[in-house]
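The sequence lines fix the lettering, A, B, ..., with proteins before strands; numbering per chain opens at 1. Please read all numbers here as calculations on a predicted model, not as lab measurements.
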Amino acid sequence: MAYIRKRNRRIFGMFLLPAILVLFLTTIYPMIYAGYLSFRSYDLAKIFVPRVFVGGANYREILSSSEFLHSLIVTFKLMAMTLSVQLVLGVGIALLVVQKLPGMPLARTLLMIPMMISPVIVGLVWLFLYFPEIGYLNYFLSFAGVGSIPWIASTNWALWAIAIADIWQWTPFVMMGTAAALQSLSPEPYEAAMIDGNSRWDIFTRVTLPQLKPVLVSLMFLRAIDAFKIYDIIFVLTKGGPGDSTEVLSMFIYRQSFTFWRMGVGAAASFVSLIIIVVLITLFFKSLNRDQAA
Amino acid sequence: MNKPSTQQTILIYIALTIVLIVFMTPIYLIASSSVKPSPIMFQKPPAFLFSPTFEHYKDLFGMRPFGKFILNSLIVALGSTAFSLTIGSLAAYAISRIRHKRMNDVAFWILSMRMFPPIAVVVPYYIIFKTAGLLDTPLALIIVYSTANIPLTVWLMKGFFDEVPTALEEAAAVDGYGLIETFLRVTLPLAAPGLAVSAVFCFIFSWNEFLFALMLTGSEAQTATVAVMSFWSSDAVQWGRIMAGSFIILIPGVIFVLTCQRWLVRGLTMGSVK
């Protein structure tokens, strides 16, 4: 790299600077601001109450409130529901569409469409399907002998209703990543395994899965980070209800900040969510670096 | 992969047909319901053959200024795409070419900026934009969407710049090109596909976004996704208009998938799966 001279280093620095500056101003600064708000009483509903420093009161309030803890549990429950189904279904469909058969490239392409649809549209079309009394989903299911399910009207089913919409949109992501990885696997281990007379299932679990593992770990981390942020679909389908059965962390923050106008409490909850996402991101990057080192 | 037997082939196609029906039905429903007369919207069994009506599209553009909301979406999406591409590809080039042990950390820091939960920063944004008088303006959304689009561009473009052989740049330097000239005349044209892919991803992300658009805009800068949601109210859901609006909103994404699906893996996993 002889052409990178001293002067060029400075130019490279100037190339990098605007991005860092913009990201700092638009992401780090609002986060610091959220941190600042979280130590204050910032209640927009009570305009005559002074906005004062309240120490850790907002944090004490959310950490001791059962609503906040409940929203954390719902968030992770939804994450577990969607990730597990997406992993199994996504890998399964990937194994179908990588077969060298006519029509498979078209099928792969069609299956990618859901990912590019706005989450709010995904929410609306599933609302159309779930709609009490008239929605088509129960009608379709009746052919499979399934009785009428009160999808979004019941505390038992609402979380599944949300999970299904998310699974519909993002199973293609796991399928797509897995299919790409499957197509880049080298054929030698398979030939060896075939000669040794292993069954298809043995080959899948002992040869394919270990090779897929790094990709699947990456895909699951990316899904987990997204699942933690889920918002639009819930906003359209249930708004956190019925009761608080689908109130994930994002909905908790939304309601505290924009329904009750308690910005300080909302900011404190936001900060807790930032800490959790930092842990997730750090784990994800660590796993990426481990793959590169290996 | 060895070739499946005839029996296996049949099973594979049966399974695939079921998968395709399940995954395509919602999309079919949006398209068909947008041209279905309201009285048979929920008719069972669903009507597959009916004379299509464009009344929902007429309502959509007639009664509320939906055209204006689409224009807002376009302004915001194009604005954020242009801004993010400029800043992002410059940074990506620097990250791709500087050999320094901290460069990897800088790249990951930039990527992490994309992963934070939007809801966690929406309160500060709301207050900051309110103070700055930028609430309900396209500029606010352009700024906010760029926080997600710049990291995406940096990571995608870094991958494309890495693939441009440095020998070409060295040859350009021998010819007396400066660094900026080399970048603009040699490297950037070779990484043009990357620019196209990044542009489309930035555009679609901004076009589809809902949460910030809902919180930070009112009647003036409202985007199409928020406008469609406004046809939903607990007493009367105007399904015809919702579906017509939804269909318009999903067109760019569908075109993208059909034309450049081979870049989707790279874009959606931000380079972690190639």
Visitor: Are B/Leu214 and A/Val120 packed together at the side-chain level, in the sense that at least one heavy-atom pair is separated by less than 4.5 angstrom?
Guide: no
Visitor: Is B/Lys36 close to B/Gln43 at the side-chain level, that is, under 4.5 Å between some pair of heavy atoms?
Guide: no
Visitor: Could you check which of B/Val257, B/Ile249, B/Ile143, B/Thr153 has the highest count of heavy-atom pairs closer than 4.5 Å to chain A?
Guide: B/Val257
Visitor: So which of A/Ile32, A/Leu280, A/Ile93 has the biggest tally of heavy-atom pairs under 4.5 Å with chain B?
Guide: A/Ile93
Visitor: With only heavy atoms counted, which part of A/Thr282 is less than 4.5 Å from chain B, the side chain, the backbone, both or neither?
Guide: neither
Visitor: Atom OG1 in B/Thr182, atom CD in B/Glu170: separation rounded to 0.5 Å?
Guide: 10.5 Å
Visitor: With a 4.5 angstrom heavy-atom cut-off, is it the side chain or the backbone of A/Tyr29 that approaches chain B, or both, or neither?
Guide: side chain
Visitor: Contact part of A/Leu111 toward chain B, heavy-atom cut-off under 4.5 Å: side chain, backbone, both or neither?
Guide: both
Visitor: Side chain, backbone, both or neither: which part of A/Tyr254 has an atom under 4.5 Å from a heavy atom of chain B?
Guide: both
Visitor: Is A/Val236 in contact with chain B via its backbone, its side chain, both, or neither, using a 4.5 Å heavy-atom distance?
Guide: both
Visitor: State, with a plain yes or no, whether a side-chain heavy atom of B/Val226 is found less than 4.5 Å away from one of B/Thr223.
Guide: yes
Visitor: Using the side-chain contact (heavy atoms from CB on, under 4.5 Å) rule, take B/Met229 and A/Asp232 through it: C-alpha gap first, then chi angles, then the decisive distance, then the call.
Guide: CA-CA 11 Å; B/Met229 189 60 200; A/Asp232 313 62; over 6 Å; no
Visitor: Less than 4.5 Å to any heavy atom of chain B: does that hold for the side chain of A/Leu249, its backbone, both, or neither?
Guide: neither
Visitor: Which atoms of A/Ile134 come close to chain B, meaning under 4.5 Å heavy atom to heavy atom: side chain ones, backbone ones, both, or neither?
Guide: both
Visitor: Can you tell which of A/Thr171, A/Thr26, A/Leu110, A/Val122 has the highest number of heavy-atom pairs within less than 4.5 Å of chain B?
Guide: A/Thr26
Visitor: Against chain B, work out which of A/Leu106, A/Val97, A/Ile20 has the most heavy-atom pairs shorter than 4.5 Å and name it.
Guide: A/Ile20
Visitor: So which part of A/Ile117 gets closer than 4.5 Å to some heavy atom of chain B, the side chain, the backbone, both or neither?
Guide: both
Visitor: So, do A/Phe140 and B/Lys44 sit near enough that their side-chain heavy atoms are less than 4.5 Å apart?
Guide: no
Visitor: Do you know which of A/Leu129, A/Leu89, A/Ile121, A/Ile276 has the most heavy-atom pairs under 4.5 Å to chain B?
Guide: A/Ile121
Visitor: Are the ring centres of A/Phe131 and A/Tyr136 closer than 6.0 Å?
Guide: no
Visitor: Of A/Asp226, A/Val278, A/Leu222, which meets side chain to side chain contact (heavy atoms under 4.5 Å, CB included) against B/Met115?
Guide: A/Leu222
Visitor: Check whether A/Ile277 gets within reach of chain B through its side chain, its backbone, both or neither, counting any heavy atom under 4.5 Å.
Guide: side chain
Visitor: Report which part of A/Met104 has an atom under 4.5 Å of a heavy atom belonging to chain B: side chain, backbone, both, or neither.
Guide: side chain
Visitor: If the plane angle is over 60° it's perpendicular, under 30° parallel, otherwise tilted; pick one for A/Phe221 and A/Phe284.
Guide: tilted
Visitor: Look at B/Pro45, B/Ser84, B/Ala15, B/Ala167 and state which one has the largest set of heavy-atom pairs under 4.5 Å with chain A.
Guide: B/Pro45
Visitor: Could you check if a side-chain atom of B/Arg97 sits within less than 4.5 angstrom of a side-chain atom of B/Thr187, using non-hydrogen atoms only?
Guide: yes
Visitor: Who wins among B/Phe183, B/Phe83, B/Tyr13 for the most heavy-atom pairs under 4.5 Å with chain A?
Guide: B/Tyr13
Visitor: Check each atom of A/Leu17 against the heavy atoms of chain B and say whether the ones under 4.5 Å are side chain, backbone, both or neither.
Guide: neither
Visitor: Check each atom of B/Met41 against the heavy atoms of chain A and say whether the ones under 4.5 Å are side chain, backbone, both or neither.
Guide: both
Visitor: As an exercise: rank B/Gly245, B/Pro46, B/Gly88, B/Ser33 by heavy-atom pairs under 4.5 Å with chain A and give me the winner.
Guide: B/Pro46
Visitor: Identify which part of A/Phe128 has an atom lying under 4.5 Å from any heavy atom of chain B, answering side chain, backbone, both or neither.
Guide: both
Visitor: With a 4.5 Å heavy-atom cut-off, do A/Phe235 and B/Phe210 have their side chains touching?
Guide: yes
Visitor: For chain B, which candidate among A/Pro119, A/Ser273, A/Gly135, A/Pro105 shows the most heavy-atom pairs at distances under 4.5 Å?
Guide: A/Gly135
Visitor: Could you check whether B/Tyr125 and A/Tyr33 have their ring centres less than 6.0 Å apart?
Guide: no
Visitor: With a 4.5 Å limit on heavy-atom distance, are the side chains of A/Met176 and A/Met115 in contact?
Guide: yes
Visitor: In terms of heavy-atom proximity below 4.5 Å to chain A, should B/Ile204 be classed as side chain, backbone, both, or neither?
Guide: side chain
Visitor: B/Val106 versus chain A, heavy atoms under 4.5 Å apart: side chain, backbone, both or neither?
Guide: side chain
Visitor: With only heavy atoms counted, which part of B/Phe116 is less than 4.5 Å from chain A, the side chain, the backbone, both or neither?
Guide: both
Visitor: Side chain from CB out, backbone as N, CA, C, O: work out which of these in B/Trp109 comes under 4.5 Å of a heavy atom of chain A, or both, or neither.
Guide: side chain
Visitor: In terms of the angle between their ring planes, are B/Trp239 and B/Phe42 parallel, tilted or perpendicular, with boundaries placed at 30° and 60°?
Guide: perpendicular
Visitor: Ignoring hydrogens, what is the shortest heavy-atom contact between B/Met157 and B/Ser89? Give both atom names and the distance.
Guide: CG-CB, 4.1 Å
Visitor: Most heavy-atom pairs under 4.5 angstrom with chain A, which of B/Val123, B/Leu250, B/Val121?
Guide: B/Val123
Visitor: Do B/Tyr126 and A/Phe258 have ring centres separated by under 6.0 Å?
Guide: yes
Visitor: Could you tell me which portion of A/Ile113 (side chain, backbone, both or neither) has an atom closer than 4.5 angstrom to a non-hydrogen atom of chain B?
Guide: both
Visitor: Between B/Val254, B/Leu258, B/Ile128, B/Leu29, who has the most heavy-atom pairs with chain A when the cutoff is under 4.5 Å?
Guide: B/Leu29
Visitor: Check each atom of A/Ala34 against the heavy atoms of chain B and say whether the ones under 4.5 Å are side chain, backbone, both or neither.
Guide: both
Visitor: Please state whether the rings of B/Tyr93 and A/Phe15 are parallel, tilted or perpendicular, taking 30° and 60° as the class boundaries.
Guide: tilted
